Amino acid sequence: MPELPEVETVRRGLKDLITSRTVASIKSDNPKSFPNSPVDVKKFLIGATIQDINRRAKVLLIYLSTDYALVIHLKMTGQLVFIGEKRFGAGHPTDSLIGRLPDRSTRVTITFTDSSRLYFNDQRKFGWMWLLPIAEVPNIDFMKKVGPEPLEADFSAKQFAARFTQRANTIIKAVLLDQTVVAGIGNIYADESLWSAKIHPGRLVKTITPKEFTTLYKKLRLIMNLAIEKGGSTDRNYVTAEGKKGSYLEFAQVFRREGLPCRRCQTTIIKFKCAGRGTHICPNCQVL
DNA sequence: CACTTGACCTGTCCGC
DNA sequence: TGCGGACAGGTCAAGT
């Protein structure tokens, strides 16, 4: 579930909540969730201050004062939830979480010197958190291969379309989901943008016209920006850094709307398997 | 080589 | 009510 808009929402929340806090200790239940050596952790994480938080594709980068970074992928069920203390006062959103965490999905707990905490929860244990030198971040496989950020101001419709043309004989949905083509798109926003552009997800890239690519580009950016505004999409697990749900699914046109009428033409939305994923379309608006 | 499928995990939901 | 099985979605490895 965490796609670009969800990870960006978490980034903004964390930037506000943990910047300038200093790490006092870290607890991890599972070497898969946090595989770093205790020596590295002691030297470069304990005592480090949070400087800044960036995002690349669906990956979060927490920069530390030690020139190391925590690199985090939430995969499907990951959460990063902050629980604070008096600094915020009564009524702060994170107050309501006190006592609820840790729970059985908690994989990593970072405690700051003021006793506030950041919990990395991940029901399905697919996510991970790495500690590595900031200078090495661009050299990890994922960063070397990942495509451009779709919401950057200088990312044009022309560039968008050009990234697809090398994949002429692949279905459009598979290419949209490919992180090396364009970064950050997952199942929800692939379905939503294809419906919005009236493109059937099973169409081969070579059958899609330049005009359709331009529409898809515009719709994708519109939808992702709106999703960020709404705090992302909460289907099951995803929550913001304050532990709140995102509300974008209230605005969704096809995702999880199987059996409901298309908001454009009233035809019943159907769900089927495409590119190995559950896929939602309006069979009238989106044809092969 | 390009593309598709399976594995990784756990919780939830559906049908019998 | 209990149980098996399908399903959820991101990415990488393995298979076609």
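Lettering of chains follows the sequences in order, A, B, ..., and the numbering in each one begins at 1. Please read all numbers here as calculations on a predicted model, not as lab measurements.
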Specify whether A:Tyr189 and A:Tyr248 have parallel, tilted or perpendicular ring planes, treating 30° as the upper limit for parallel and 60° as the lower limit for perpendicular.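 Ring orientation, 0 to 90° scale: tilted.
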Please report, rounded to the nearest Å, how far the [atom2] atom of [N] is from the [atom1] atom of [X].
| X | N | atom1 | atom2 | result |
| --- | --- | --- | --- | --- |
| A:Met76 | B:dC9 | CE | C1' | 9 Å |
| A:Leu204 | B:dC3 | CG | P | 10 Å |
| A:Asp235 | B:dG11 | CG | C1' | 13 Å |
| A:Phe126 | C:dA13 | CZ | C1' | 14 Å |
| A:Lys75 | B:dT10 | NZ | C1' | 15 Å |
| A:Asn237 | B:dG11 | CG | C1' | 9 Å |
| A:Lys145 | C:dC12 | NZ | P | 5 Å |
| A:Arg56 | C:dT11 | CZ | P | 12 Å |

Checking side chain to side chain contact (heavy atoms under 4.5 Å, CB included) between A:Ile53 and each of A:Ile72, A:Leu70, A:Ile62, which is the one that passes?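 Among the candidates, only A:Ile62 passes.
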Return no unless some side-chain N or O of [X] is found under 4.0 Å from OP1 or OP2 of [N].
| X | N | answer |
| --- | --- | --- |
| A:His73 | C:dT11 | yes |
| A:Lys32 | B:dC9 | yes |
| A:Arg236 | B:dC13 | no |
| A:Lys125 | B:dT10 | yes |

If you check the A:Lys271 side chain, which of C:dT11, C:dA8, B:dT10 turns out closest?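 Nearest to the side-chain atoms of A:Lys271, counting from C-beta on, is C:dA8.
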A:Arg221 side-chain N/O to A:Glu152 backbone N/O, donor-acceptor pair under 3.5 Å: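 Yes; judged by distance alone, with no hydrogens or angles, the pair exists.
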Using modelled atom types and a 3.5 Å cut-off, is there a donor and acceptor pairing between side-chain atoms of A:Gln253 and backbone atoms of A:Arg264?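 No: the side chain of A:Gln253 does not pair with the backbone of A:Arg264.
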Using heavy atoms to find the nearest nucleotide of DNA chain C for A:Lys273 and A:Arg277 separately, return the residue whose nucleotide is more 5′.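 Checking each residue's closest nucleotide, the 5'-ward one belongs to A:Lys273.
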Under 6.0 Å between ring centres, would you say that holds for A:Phe164 and A:Phe160?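 Distance test on ring centres: under 6.0 Å, yes.
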Can you pull out the residues from residues 165-185 of chain A that lie within a 4.0 Å heavy-atom distance of DNA chain B?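 A:Arg167, A:Thr170 - these, ordered by number, are the residues of the stretch whose heavy atoms sit under 4.0 Å from the strand.
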Mind listing the closest non-hydrogen atom pair of [X] and [Y] along with its distance?
| X | Y | result |
| --- | --- | --- |
| A:Ile199 | A:Gln286 | O-NE2, 2.9 Å |
| A:Glu3 | A:Asn187 | OE2-N, 3.2 Å |
| A:Asn284 | A:Cys265 | ND2-SG, 3.2 Å |

Within 6.0 Å of NZ in A:Lys230, more than 12 heavy atoms from elsewhere: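 Yes, because the 6.0 Å sphere around NZ of A:Lys230 holds more than 12 heavy atoms from other groups.
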If we count only N and O atoms by modelled type, under 3.5 Å, do the side chains of A:Asn139 and A:Lys144 hold a donor and an acceptor together?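 No pair is found: no donor N or O on one side chain lies under 3.5 Å from an acceptor on the other.
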Have a look at A:Gly186 and say if it touches a base, only the backbone sugar-phosphate, or nothing, with a 4.0 Å heavy-atom cut-off.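 Sugar-phosphate only.
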How is A:Arg107 classified with respect to the nucleic acid when contacts are heavy atoms under 4.0 Å: base, sugar-phosphate, or nothing?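 Nothing, no nucleic acid heavy atom in range.
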Would you measure the distance from the P atom in C:dC3 across to the matching atom in B:dC9 and give it in whole Å?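 Result for the P pair: 25 Å, nearest Å.
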Taking Watson-Crick and G-U wobble pairs with both distances under 3.5 Å, convert DNA chain C into its dot-bracket string, 5' to 3', dots for unpaired and | for cross-strand pairs. .|||||||.|||||||
